[in-house]
Amino acid sequence: MRKSMRKICAFMTVLISVCTLCMPVYGMGHFTAGTRETVRQSVYYSGLTPVMGTSQVTLGQLINYYEKNEKYPAFYAGTDAPNIYTFCKIYMEECAAEGVRAEVAFAQAMKETGFLRYRGDVSIQQLNFAGIGATGGGEPGNSFPSVRIGIRAQVQHLKAYATTEELNHWVVDPRYQYVPKGSAPYVEWLGKSENPSGIGWATAYRYGYSVVDDYMVKALNTSRYSTWYNGVDYSAVYDPEYYMEYNPDVADVFGGSSEALIRHFIYYGMDEGRVASAGFDINSYRLRYKDLRTAFGYQNRQYYYHYMNVGQYEGRQTTGAVERLDGVTVYNGADYSAVYDYQYYIEHNPDVGQAFGNDDIAVLQHFVTNGMREGRLASPGFDVQSYKRRYKDLRQAFGNDMQAYFRHYLRNGIAEQRVAVGEVPQLDGVTVYNGADYSGVYDFQYYVNAHPDLKVAYGNDDLGALEHFVMFGMGEGRQASAAFSPSLYRGRYADLQVAFGDDWSAYYRHYMEWGSSEGRSAN
């Protein structure tokens, strides 16, 4: 008897187990979703796709998948999802809040709306992404106040079909109460004709299978590498695949994560001037546009952002060699274009060209800090030596401070219409030295022509010649002007001979201070 009972109990246990396995599974709750193989190991209905579970799609995949199929409608610019990044991010957030797989909800929305083109009864203004309440025959269904609420309603509707679990957010789905809870735990069962109980989201044949095969699988097979970061699209200057291919050192370290890769580009690659897209070469962009180099200098990241925000809409060119560089002329806010030309400067100063090449910013810096002081030729429109020789008042004021001539021309000379190029046939030599005017006893041309050794030593250096006259020429009794002969002046006036004797300098100074006004003759 006991053996018979044991046999009966064993049979009943097996029977119950078999019956349990053969029953459809409803209200499965949260699945740990992964590959289809994982699903096969956890549920009886192998090959079906759970609605609930951890999302396998990334934010970048949703964005890439959508942008492969359609351009984000301008209509949404005035909503709480002004760009595709925000739109997809809302899907990720709302699905995570309720435990619905984001790839399922997003795929269904793309099927229902035709990638947000809305060519059926529901209009784009309704912010209804799954046709909730649209029953056909021109019935538009429900409308929602924002993108997020519209997405939340869809996610709640999906959860209602998939499980008997309570919602985590307050109910915004106007048809939530009508859904038979837990009647379609798998996406494929969202179609009534495929649902074992005949209950489903839509009546279309193989509706759920289409959501999976025509949309969700494609989204999951889309590249995980995104061009979006913190709501900003870097696609104009950044291509993840290109960045990894041409920066293998970066790919080796960060290539396993889309976010890590784009973070490297934004926080390091830009500053290092790395090329991250076949359509944007920072070196070409920087060399091509002088206004950008003037504005940004060596701040590489500013060139990327300029093209993203302004340049691409202005139609600026971003690739290709730059045959002739139009060098910058503004340094520390001052414009040197009247006295400086990049190409002219490196052509007439080959040492500078060899040192800095096509770095026009560095070349301009050299000119300002060194070239002006050294009196280097920097422009066909301004010859500092010509400018200096032409104007005695400038030589009188600046002496051999070459930098001062450049600055004078920029600040005053241009406005005064002074000539800055060409030969100066006859130099009008300066006569004032340390505040004293020697014009009564000194003439530059006479001085150097009357004394060949000075002609050789000073040539057209009237400043040097005047200094020699004051420091040495007067003491040596050298005649420096047709209007004043020191030997004649000494010989003519006995009172001066008694007073000064052989101190030749005294005769010059006496004539300058007293003799001329006294009417004394010196020639």
(request) Answer yes or no: is there a donor N or O on one side and an acceptor on the other, between the side chain of R395 and the main chain of K388, under 3.5 Å? (result) yes
(message) For a 4.5 angstrom cut-off between non-hydrogen side-chain atoms, does E259 reach R263?
(response) yes
(request) Check whether any side-chain heavy atom of N128 lies under 4.5 Å from a side-chain heavy atom of S143, and answer yes or no. (result) no
(request) Indicate the ring-plane relationship of Y91 and F106, choosing parallel, tilted or perpendicular according to the 30° and 60° boundaries. (result) perpendicular
(request) Measure the shortest side-chain to side-chain distance between Y342 and N358 over non-hydrogen atoms and say whether it is less than 4.5 angstrom. (result) yes
(request) Classify the angle between the aromatic ring planes of Y336 and F367 as parallel (below 30°), tilted (30 to 60°) or perpendicular (above 60°). (result) perpendicular
(request) Kindly assign one of parallel, tilted or perpendicular to the pair Y489 and H510, based on the angle between their ring planes and the thresholds 30° and 60°. (result) tilted
(request) Ignoring hydrogens and angles, state whether a donor on the side chain of N83 or T86 is under 3.5 Å from an acceptor on the partner side chain. (result) yes
(request) For T431 and D437, test the side chains for any donor-to-acceptor distance below 3.5 angstrom and give the result as yes or no. (result) yes
(message) Is a donor from one side chain sitting under 3.5 angstrom from an acceptor on the other, for E467 and Y433?
(response) yes
(request) Fit a plane to each ring of Y345 and H366, take the angle between them on a 0 to 90° scale, and name the class: parallel (under 30°), tilted (30 to 60°) or perpendicular (over 60°). (result) tilted
(message) Between R152 and E98, does any NZ, NE, NH1 or NH2 come within less than 4.0 Å of an OD or OE carboxylate oxygen?
(response) no
(request) Give the ring-plane orientation class for Y243 versus H264, where under 30° counts as parallel, over 60° as perpendicular and anything between as tilted. (result) tilted
(request) Could you tell me how the ring of Y447 sits relative to the ring of H451: parallel (under 30°), tilted (30 to 60°) or perpendicular (over 60°)? (result) perpendicular
(request) Would you check if T227 and P240 make a side-chain contact, meaning some heavy-atom pair closer than 4.5 Å? (result) yes
(request) Please examine the side chains of S277 and V237, heavy atoms only from C-beta on, and report whether any two atoms are closer than 4.5 Å. (result) no
(request) May I ask you to check whether Y215 and Q108 show a side-chain donor-acceptor distance below 3.5 Å? (result) no
(request) Apply salt bridge (Lys or Arg N to Asp or Glu O under 4.0 Å) to E476 and list each qualifying residue two or more places apart in sequence or on a separate chain. (result) R478
(request) State which residue, out of E314, R301, Q312, R286, fulfils the side chain to side chain contact (heavy atoms under 4.5 Å, CB included) condition with H306. (result) E314
(message) Ring-plane angle category for H408 and Y387, please: parallel below 30°, perpendicular beyond 60°, tilted otherwise.
(response) tilted
(message) Is there a side-chain contact (heavy atoms from CB on, under 4.5 Å) between L261 and Y238? Walk through the geometry before answering.
(response) CA-CA 11 Å; L261 188 68; Y238 173 76; 3.3 Å; yes
(message) Are M372 and V384 packed together at the side-chain level, in the sense that at least one heavy-atom pair is separated by less than 4.5 angstrom?
(response) no
(message) Check for me whether R316 meets the cation-pi criterion with Y289, that is, NZ or CZ under 6.0 Å from the six-membered ring centre and within 45 degrees of the ring axis.
(response) yes
(message) Atom CD of residue position E423 - does it have more than 12 heavy atoms of other residues, nucleotides or ligands inside 6.0 Å?
(response) no
(request) Can you see which heavy atom on I90 is nearest to which on A81, and at what distance? (result) CD1-CB, 4.2 Å
(request) Assess the side chains of N64 and T222: does a donor N or O sit below 3.5 Å from an acceptor N or O? (result) no
(request) Fit a plane to each ring of Y66 and F115, take the angle between them on a 0 to 90° scale, and name the class: parallel (under 30°), tilted (30 to 60°) or perpendicular (over 60°). (result) tilted
(message) To the closest 0.5 Å, what do you measure between OG1 (T319) and CZ (R288)?
(response) 7.0 Å
(request) Anything under 30° is parallel, anything over 60° is perpendicular, the rest tilted; go ahead and classify F484 against Y508. (result) tilted
(request) Look at the rings of F406 and F382 and say which category their plane angle falls in: under 30° parallel, 30 to 60° tilted, over 60° perpendicular. (result) tilted
